[in-house]
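Convention: sequence-line order gives letters A, B, ...; per-chain numbering from 1. Fair warning: this is a prediction, and the values are worked out from it, not measured in the lab.
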Amino acid sequence: MATKATRGNKRGRISAPSVRPEDEQIFKGLSFFYVPDNDIAPARRLRINRAKEFGASWTRDLMTATHVVVDKKLEYKDVEKMWPKDGFGGRTPPKVVTEDYPLDCIQFRAIVDASQRKYLVNGQPEVEEKEQEKEPELPTPAVDFGAQAKSKSKSKSAVSSLPLKPQHHNKGKWDYVPRKGTPSQNGDTGIQTHSPSKGSDKAGHTPLLQDELSEYISMMQEFKDLPLDVDEEEDAQSTANESDAQLDLDHRSGSENESQRARRSSRRARPTSKAIAFEDRFACNRAGKKDANQDNPNARTIEILQKMNGYYERINDHWRTIAYRKAISILKQQSVKITTEEEAYRLPSIGRRLAQKIEEIVTTDKLQRLECAEEDPTDHALQTFLKIYGVGNKIAEQWIAQGWRTLEDVKQHAKLTPSQRVGMEHYDDLNTRIPRMEVTALGDIVKKAAAEIDAAVQLIIGGSYRRGAESSHDIDLIVTKPGTESVAELRAFLSRLIDQLERDKFLVARLASSHAGGDGSKWHGCCNGEYRPIWRRIDFLLVPEAELGAALIYFTGNDIFNRSMRLLASKKRMRLNQRGLYRDVLRGPNRAKITEGELVESRDEKRIFEILGVKWREPWERWC
DNA sequence: AGGCCGTACTG
DNA sequence: CAGTAC
DNA sequence: GCCT
């Protein structure tokens, strides 16, 4: 602890409060008196600086304070004995709150009701509503989630009902996490969850896209325990919009309905197609990946957690990997820097242990556990081996157990499958990212060859390319053709295409191809790069037009996005795979007899989103 | 205590 | 069926 | 590691 603090101070990381933009100065005009009255403890120092960032002043004179922020470990009597004997001379006495209060305000970007029970200091008597009800210092007390500002009373109750249970933080978390943003921009039009780039976008940073993301993910979370049986049968097919509306986020606490409504309608009133095209092109640029990662105030935290995640992935700690992945995903959505354990802990998917790690990262700029991990000498070998195509952690572990540490060792001793041999021999090539331009060029080569065989066939480049990536690990080609209903109708074509491209010396290796006969639908292999003799990974996926929508989702990813979609589907008793969206009739007891389920939609990507109740996201908005 | 996506291909 | 890839 |  002490070490950590010292280090943090030395590096000056926590003592440089950056000032927030005007519209985030929620504490303007407020002054906080802290108990204990010092910033020695690093955690408190952080909190004080945070409050300053958001416009608060730190006072050490009780008489000028608007709020007294008390350490949670202290008792109310500790505060009481500081109270001036002659009162405050007619002036409104400061409100006494726990240290959670400023944090909540910051998190929700609004002055929340200070009289909530959760902000009571130990042993503090509950006070009558009246005194606390008003926030006299505040010019605009309803700086709040857009729509709620419409009706003060509603907004008030909504805000004060914020996180009722700090313990089981999830409920509270989920209700509000997605709600951050810059309410002032939206005025009473409600938070524009759908057309984010409207107007304000150009002017300044717009966390709204990120909001959509959190919203989506939070929605998944919420659906976990919901019955959702609201006549889905009928709705699903016939009235997508209706079900969309129903399934949207309004299953939460009643106090939020107002905002729900606004959000819904704003989404309904989505701009016409032309407007979309324009705005989305813009959104593409900033929602893509670059900005999302660079702008993120938690970039450093994410970076380190990602390394940690990578480590667990390597050592095959599957479930821990999942936990980290979720946490990282949540963190990426935050538009605010998460600096303290408590703050982190409020977030969904972040529990005690991760929260502690996050605080450690913020204060010390590193993570002990990671340094340990990276010192492990076998880890480097592990990393190397895992980048061989066809080698996963089982094999890699075996090799390491044999004492092998380098590719050279493997080359000499290991018995390789044909795929692994290719992976070995072209290790460097296959681990070199492919610039977007080259993906385009290679795609064109294939398209040209395809057109000569069957002009009706369409080729779509999927994967990260479709998400707008500047470079890709491989080239994913979706092969489809209007009017096709099954993979079988495309197999002959693919076979001819492959043959031709091999004759052309374009394709140079097969890694995994559907053998003759089977219901194979994929082909994995390598091709020559466009400009240099460098090998590239290329995949073909056969997709009948009837399943194009589902396949596009699957092959566009990213993987986290896909898993989320599927998880959501399963929570709604549906099933999503690369072939379509199905309603589950039943999941067999020993899973042997899974009833396929009835196909709901597969052709239309957008319809699948709609039926799932997920707002449409353009491919480049699918980076999680 | 038990789940954490769901599928295709290889050997 | 386990392992791997997507 | 997180969540129900």
Side-chain angles (χ1 to χ4, degrees), chain A residues 168-171 173-174 220-226 305 308-309 312-313 316-330 344-345 347-358 369 385-398 415-420 423 430 462-464 472-478 487 510-525 537-542 547 550-551 553-571 574-582 584 587 591 594 596-597:
Chain A
H168 312 342
H169 45 281
N170 270 337
K171 223 50 175 181
K173 282 191 203 178
W174 278 116
M220 288 204 334
Q221 199 66 21
E222 292 192 63
F223 277 129
K224 273 187 179 164
D225 49 333
L226 291 173
L305 289 181
M308 208 55 219
N309 184 50
Y312 284 127
E313 214 163 57
N316 206 12
D317 194 335
H318 187 55
W319 304 123
R320 196 167 265 126
T321 303
I322 282 175
Y324 270 75
R325 194 181 321 176
K326 285 181 179 172
I328 289 168
S329 168
I330 288 296
Y345 184 62
L347 267 26
S349 301
I350 295 186
R352 256 320 147 196
R353 325 230 309 151
L354 272 165
Q356 283 166 357
K357 287 187 174 67
I358 289 171
R369 185 71 188 75
F385 295 164
L386 286 174
K387 286 191 289 190
I388 302 170
Y389 181 93
V391 176
N393 25 44
K394 289 294 184 236
I395 303 285
E397 264 172 37
Q398 289 175 26
K415 191 162 186 255
L416 300 173
T417 68
S419 296
Q420 290 164 349
L430 299 184
S464 57
S472 303
H473 178 252
D474 57 13
I475 306 156
D476 293 313
L477 287 167
I478 295 170
V487 173
R510 296 186 179 202
L511 295 169
S513 49
S514 43
H515 312 358
D519 55 338
S521 59
K522 68 164 78 157
W523 190 97
H524 290 181
R537 281 276 296 103
I538 186 168
D539 297 343
F540 293 94
L541 178 72
L542 296 183
E547 298 172 357
I553 291 176
Y554 172 65
F555 258 69
T556 300
N558 65 10
D559 60 339
I560 298 177
F561 180 82
N562 285 350
R563 296 163 78 136
S564 302
M565 291 281 280
R566 291 172 187 182
L567 184 59
L568 172 60
S570 76
K571 296 309 173 196
M574 291 191 258
R575 186 163 61 100
L576 177 65
N577 62 22
Q578 57 268 56
R579 300 226 294 277
L581 179 65
Y582 302 81
D584 257 349
R587 297 203 177 243
R591 199 166 164 249
I594 300 175
E596 275 288 299

Taking the side chain from A/R575 and the backbone from A/S570, do they hold a donor-acceptor pair closer than 3.5 Å? no
Starting the side chain at C-beta, find the nucleotide from B/dC4, C/dG3, C/dC6 nearest to A/K394. C/dG3
Indicate whether OP1 or OP2 belonging to B/dC5 is found under 4.0 Å from a side-chain N or O atom of A/R566. no
Whichever of A/S419 and A/Q578 has the more 5' nearest nucleotide on DNA chain B, that residue is A/Q578
Distance check: side-chain N/O of A/R325 vs OP1/OP2 of D/dC2, anything under 4.0 Å? no
Using a 4.0 Å heavy-atom cut-off, does A/L305 contact any base of the nucleic acid, only the sugar-phosphate backbone, or nothing at all? nothing
Under 3.5 Å, is there a donor-acceptor pair between the side chain of A/N393 and the main chain of A/A396? no
Nearest whole Å is fine: how far is D/dC2 P from A/I322 CD1? 13 Å
In whole angstroms, the gap separating C1' of B/dA8 from CD of A/E547 amounts to 14 Å
Roughly how many Å apart are B/dC5 and D/dT4, using the P atom of each and rounding to a whole number? 15 Å
Does the side chain of A/K522 get closer than 4.0 angstrom to OP1 or OP2 of C/dA5 through an N or O atom? no
Whether A/Q420 side chain and A/G390 backbone form a donor-acceptor pair below 3.5 Å: yes
Tell me whether A/D317 contacts the main-chain N or O of A/Y312 through its side chain, where contact means a donor paired with an acceptor under 3.5 Å. no
Which whole-number value in Å describes the distance from A/F385 CZ to C/dT4 P? 14 Å
Under 4.0 Å: is that the gap between some side-chain N or O of A/Y389 and OP1 or OP2 of C/dT4? no
Base, sugar-phosphate, or nothing: which does A/K357 touch, judged by heavy atoms less than 4.0 Å apart? sugar-phosphate
Using a 4.0 Å heavy-atom cut-off across all strands, classify A/L541 as base, sugar-phosphate, or nothing. nothing
Please state how far atom CG in A/L347 lies from atom P in D/dC3, giving the value in whole angstrom units. 10 Å
Indicate, with a heavy-atom threshold strictly under 4.0 Å, whether A/H318 touches base, sugar-phosphate, or nothing. nothing
Judged by atom type as modelled, is there a donor-acceptor pair below 3.5 Å linking the side chain of A/S329 to the main-chain atoms of A/R325? no
Counting only side-chain N and O atoms of A/N562, is one of them less than 4.0 Å from OP1 or OP2 of B/dC5? no
Measure the distance from CG on A/L567 to C1' on D/dC3 and round it to the nearest whole Å. 11 Å
Hey, is the main chain of A/K522 close enough, under 3.5 Å, to the side chain of A/D539 for a donor-acceptor pair? no
May I have the distance from A/L386 (atom CG) to C/dA5 (atom C1'), rounded to whole angstrom? 13 Å
Tell me the interatomic distance from A/R352, atom CZ, to D/dG1, atom P, rounded to whole angstroms. 14 Å
Minimum-distance nucleotide (side-chain atoms of A/S521 versus B/dA8, C/dT4, D/dC2): B/dA8
Does the side chain of A/R579 get closer than 4.0 angstrom to OP1 or OP2 of B/dA8 through an N or O atom? yes
The nucleotide from D/dG1, B/dC5, B/dT7 with an atom nearest the side chain of A/R563 is B/dC5
Select base, sugar-phosphate, or nothing to describe what A/Y554 touches, counting heavy atoms under 4.0 Å on all strands. base
Measure from CD1 on A/I478 to C1' on C/dC6 and round the result to the nearest Å. 12 Å
Less than 4.0 angstrom between a side-chain N/O of A/R537 and OP1 or OP2 of C/dC6, yes or no? yes
